[in-house]
Amino acid sequence: MNTLFLELPASMRWSYLRNAGDHFFPQANLSRLLKHYFQTKNECEAAVQKAIGSPLIKQIMAKQSATNGSLSKWKLICLSAFIRLTKPEIIVETGVAHGSSSAVILEALHENGFGKLYSIDLPIFDSADGNLKPWLEGYSFRKGDVSTVNDLNQVGWLVPASLRDRWELILGDSLAELPKLVRRIPQIDIFFHDSLHTYECMMQEFGVVWPHLKQNAFILADDIFIKCHCAIRNFAQQKGERFTNYLQLGVIRKCKVDNIQ
Ligand SMILES: C[S@@+](CC[C@H](N)C(=O)[O-])C[C@H]1O[C@@H](n2cnc3c(N)ncnc32)[C@H](O)[C@@H]1O
């Protein structure tokens, strides 16, 4: 267990521990999570079965050794099932790297028959001197906090050419690019955060997208406990919502309508 776990407040520790069981019962706990949000049990089971059978997820798992930082198998299945169940028109994600999440989202959109994915990524390269070299100057990242690629062509390389027609990839800092993006696209059905998991970055990304989420839209955020902070809980509380957690994939549904000032 992460020793920083002890720095979490008690309520978050409970959420962390309760979901440790996800590793032992990933399918049963995923079904339970989905049934919390989607009423019909049969549809949830069908979505999970389709995701489990996805040839793309199997291919991605086979390439895991060459894709540092990719989502684990059950998180990919969870993401895929969410997209099959919500049937979103617009998805925005931050953090692409090798593109496992982008590929799985695009596969599910393709099978839904509609929908568009906008992804924002600030590529980070490994360099010969062992340091990380971000694509933009003025940024620095610590090893272990981010995934790296060899060159720009490698960003999103896991996304098959046949799935790219529903995809717009934007290179840059999410905190600079998200505000521009949300002004030019329709309202969002799913926002998926998987860029930098610091408290500040998560809170700022959530804050930018929130007014642009449809009612009942979802925020999904990976690695919510990895930095042992409470961004997901604090943001949900600020908005009068609750969060759930599956394998450190946090979920907030925007149930309440925004107050128009
Ligand atoms: C965990 S990886 C993403 C993994 C990807 N979602 C997948 O499933 O394969 C996180 C990536 O986010 C990108 N990133 C980090 N900070 C960022 C920022 N401020 N804005 C946009 N992208 C960022 C980096 O390329 C980093 O490797």
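Ligands are counted one by one from 1 in listed order, and the atoms in each one are counted from 1 as well. Given the structure is predicted, the values throughout are model-derived calculations rather than measurements.
Residue contacts with ligand 1 do not include Cys201, since none of its heavy atoms lies under 4.0 Å from the ligand. Heavy-atom distances between Tyr139 and ligand 1 stay at or above 4.0 Å for every pair.
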Side-chain donor-acceptor distances from residues 98-106 under 3.5 Å, at least two apart:
from	atom 1	to	atom 2	distance (Å)
His98	ND1	Trp157	NE1	2.9
His98	NE2	Thr148	O	3.0
Ser100	OG	Leu71	N	3.2
Ser101	OG	Glu93	OE1	2.9
Ser102	OG	Glu93	OE2	2.3

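Taking each of Pro134, Ser119, Gly156, Ser100 in turn, the one with a heavy atom nearest to atom 8 (O) of ligand 1 proves to be Ser100. Of the candidates Gly69, Ser147, Ser72, Ser147 brings a heavy atom nearest to atom 26 (C) of ligand 1. When Leu158, Val96, Asp145 are checked for heavy-atom proximity to atom 5 (C) of ligand 1, Val96 turns out nearest. The heavy atom nearest to atom 24 (C) of ligand 1, out of those in Leu71, Val146, Leu122, is found in Leu122.
Per-residue contacts place Gly172 under 4.0 angstrom from the following atoms of ligand 1 (heavy atoms of the residue considered): 20 (N), 21 (C). Close contacts of ligand 1 with Asp173, meaning ligand atoms under 4.0 Å from a residue heavy atom, involve 18 (C), 19 (N), 20 (N). Below 4.0 Å from some heavy atom of Gly99 lie the following atoms of ligand 1, by number and element: 9 (O). Contact atoms of ligand 1 toward Ile124: 24 (C) (distance under 4.0 Å to a heavy atom of the residue). The atoms of ligand 1 that sit less than 4.0 Å from any heavy atom of Ser70 are 9 (O).
Between Arg32 and Asp22, no side-chain nitrogen of the basic residue sits less than 4.0 Å from a carboxylate oxygen of the acidic one, so the salt-bridge criterion is not met. We find that Arg84 and Glu107 are joined by a salt bridge, their nearest charged nitrogen and carboxylate oxygen being less than 4.0 Å apart. Ion pairing of Glu89 with Lys214 is present here, as a side-chain N (NZ or NE/NH1/NH2) and a carboxylate O approach within less than 4.0 Å. Residues Lys87 and Asp189 are not paired through a salt bridge, judged by the lack of any N-O separation under 4.0 Å between the basic side chain and the carboxylate.
Taking the centre of each ring, Phe243 and Phe235 stay at or above the 6.0 Å mark.
Shown here are the side-chain hydrogen bond (donor to acceptor under 3.5 Å, both in side chains) partners of Asn112, two or more places apart in sequence or in another chain: there are none.
Close N/O approach between Ala97 and ligand 1 is not found [any backbone or side-chain N/O within under 3.5 Å]. For the pair Glu93 and ligand 1, the shortest N or O to N or O distance does not fall below 3.5 Å. At least one N or O atom of Gly95 sits closer than 3.5 Å to an N or O atom of ligand 1. For ligand 1, the polar-atom distance check finds an N/O of Ser174 within less than 3.5 Å of one of the ligand's N/O atoms.
Between the side chains of Glu168 and Ser119, no donor-acceptor pair of N or O atoms lies under 3.5 Å. In this model, no donor atom of one side chain and acceptor atom of the other lie less than 3.5 Å apart for Tyr246 and Asn29.
The protein atom (non-hydrogen) at minimum distance from atom 6 (N) of ligand 1 is Asp194 OD2, 2.7 Å. Looking only at heavy atoms of the protein, atom 16 (N) of ligand 1 is closest to Phe141 CE2, 3.6 Å. At the shortest separation from atom 13 (C) of ligand 1 among protein heavy atoms lies Asp121 OD1, 3.1 Å.
A cation-pi arrangement is present between Lys254 and Trp210, with the terminal nitrogen or guanidinium carbon under 6.0 Å from the aromatic centre and inside a 45° cone about the axis.
Rounded to the nearest 0.5 angstrom, Leu213 CG and Gln215 CD are separated by 11.5 Å.
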